[in-house]
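What follows is a set of notes on a single structure, which appears directly below.
Just so we're on the same page: letters track the sequence lines, and every chain starts at 1. Note that the structure is predicted; figures quoted are calculated from it, not measured.
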2 protein chains.
Amino acid sequence: MSKVKLDEIDHQILDMLIDNTRTPFTDIAKKLLISAGTVHVRVKKMEEAGIIKGSSLTIDYVKLGYSFIAYVGVFLEKTHQTKFVLERLNEIPNVTVAHITTGKFNIFCKIRAKDTTHAKNIIFKIDDIEGISRTETMISLEESINDKKRLMHKIFNEL
Amino acid sequence: MSKVKLDEIDHQILDMLIDNTRTPFTDIAKKLLISAGTVHVRVKKMEEAGIIKGSSLTIDYVKLGYSFIAYVGVFLEKTHQTKFVLERLNEIPNVTVAHITTGKFNIFCKIRAKDTTHAKNIIFKIDDIEGISRTETMISLEESINDKKRLMHKIFNEL
DNA sequence: GGTGAAACTTCTAATAA
DNA sequence: TTATTAGAAGTTTCACC
């Protein structure tokens with residue numbers, strides 16, 4: 001849980017790699033007026049510190065036929081069932097994100113489906129999980145802002 | 001919006017690259033008993049088809065001091081203000097995701113902050129946006145399921 | 001479509017500054 | 001800490017199945 005100090009160079013390296021993992025270190029070096037070796041050393045340090053956890057492709061799920069996104073708020077019968085319910089949710093591949101939350105819902109999750117029929121089946125599956133008293137679905141009509149575009153320095157430099 | 005047909009080989013290539021963008025094509029080739037050239041050609045095709053939109057680093061935001069995640073449901077005064085409000089939300093760097101939704105809320109977004117004080121300021125900023133009548137915040141106590149672990153074939157092979 | 005090997009680019013680690 | 005450099009490793013292309 002320790003905070004790690006990064007300097008401006010590190011932020012800019014992260015920025016470019018967040019935008020495209022395969023940005024050659026030589027390109028980064030050229031842009032930042034340092035050597036590729038230095039980029040390598042700094043990236044390695046950030047990996048060792050656990051700041052860089054890994055890398056992943058950004059997939060266009062819509063093109064693959066998965067155009068349906070919904071958020072499902074889950075109400076539990078009893079709070080101590082949280083762990084059990086999360087395990088069941090984890091078994092459904094279409095539940096792509098889940099958070100334990102305060103406020104209105106006990107658990108809050110995101111599902112990705114092909115269409116409304118498919119989504120209905122997934123929601124029924126969720127409703128059937130033991131310990132869930134009821135759910136509330138919010139269908140996404142449009143994903144307007146998306147993690148990807150958020151460059152690090154925008155977050156870092158703001159107060 | 002067109003659907004694209006991928007075969008089992010493509011799925012497995014995606015699988016490995018989703019898990020780690022830098023998986024060498026030679027490793028993928030070895031595992032799938034094809035040549036590295038073939039892997040290259042298939043990846044290129046999926047890039048050209050727009051299925052692979054890009055790649056990104058997975059950052060441990062908690063280690064960088066951003067341990068606070070919350071979901072904010074937004075109620076609008078009038079629906080036709082949606083576009084305007086989304087533009088304002090997009091100007092706040094800590095709003096990392098936003099969806100237009102049906103159901104309880106008009107817009108649904110995710111914020112990332114350093115701590116509760118920081119989060120409070122962000123939520124106040126959101127509340128101040130013209131056209132928003134009120135908001136409802138759900139604080140994430142724990143992120144239990146996370147996109148990253150979802151391998152493609154699990155989604156593809158399910159009905 | 002796929003292959004295998006050559007040509008090219010990038011990474012990495014060791015050495016030196 | 002950073003730069004340089006050289007050998008290792010990965011990627012891309014292409015003539016040929």
- In chain order, what residues pass the ring pair (Phe, Tyr, Trp, His ring centres under 6.0 Å) check against A:Phe75, with sequence neighbours excluded? A:Phe105
- Rounded to the nearest 0.5 Å, how far apart are NZ of B:Lys125 and CZ of B:Arg88? 13.5 Å
- Residues forming a salt bridge (charged side-chain N to carboxylate O under 4.0 Å, His left out) with B:Glu77, sequence neighbours excluded: none
Please list every donor-acceptor pair under 3.5 Å in which a side-chain atom of residues 34-45 of chain A meets a protein atom from a residue at least two apart or in another chain.
unit_1, atom_1, unit_2, atom_2, d
A:Ser35, OG, A:Gly37, N, 3.4
A:Ser35, OG, A:Thr38, N, 3.2
A:Ser35, OG, A:Thr38, OG1, 3.0
A:Arg42, NH1, A:Asp7, OD1, 2.9
A:Arg42, NH1, A:Asp7, OD2, 3.1
A:Arg42, NH1, A:Asp10, OD1, 2.9
A:Arg42, NH1, A:Asp10, OD2, 3.4
A:Arg42, NH2, A:Asp7, OD2, 3.3

- Message: Under 4.0 Å from a heavy atom of chain A: give me the 5'-most and 3'-most nucleotides of DNA chain C that qualify.
- Response: C:dT10 to C:dA13
- Message: Keeping B:Ser56 on the side-chain end and A:Ile18 on the backbone end, is there a donor-acceptor pair under 3.5 Å?
- Response: yes
- Message: Keeping A:Asn94 on the side-chain end and A:Arg112 on the backbone end, is there a donor-acceptor pair under 3.5 Å?
- Response: yes
- Item | Distance flag, aromatic centroids of B:Phe68 and B:His118, threshold under 6.0 Å | no
- Sort out for me which residue in B:Asn121, B:Ile111, B:Thr137 forms a side-chain contact (heavy atoms from CB on, under 4.5 Å) with B:Ile126. B:Ile111
- Looking at B:Leu76, B:Thr82, B:Thr79, which one forms a side-chain contact (heavy atoms from CB on, under 4.5 Å) with B:Ile100? B:Thr82
- Message: When the axes are fitted on five pairs at both termini, how much does the helix from C:dG1-D:dC17 to C:dA17-D:dT1 curve, in 10° steps?
- Response: 20°
- Please report the closest heavy-atom contact between B:Thr101 and A:Ser140, naming both atoms and the distance. CG2-CA, 4.0 Å
- Heavy atoms under 4.0 Å is the rule here; annotate nucleotides 2-15 of chain D 5' to 3' with B where the base is hit, S where only the sugar-phosphate is, and - elsewhere. SBB-----SBSB--
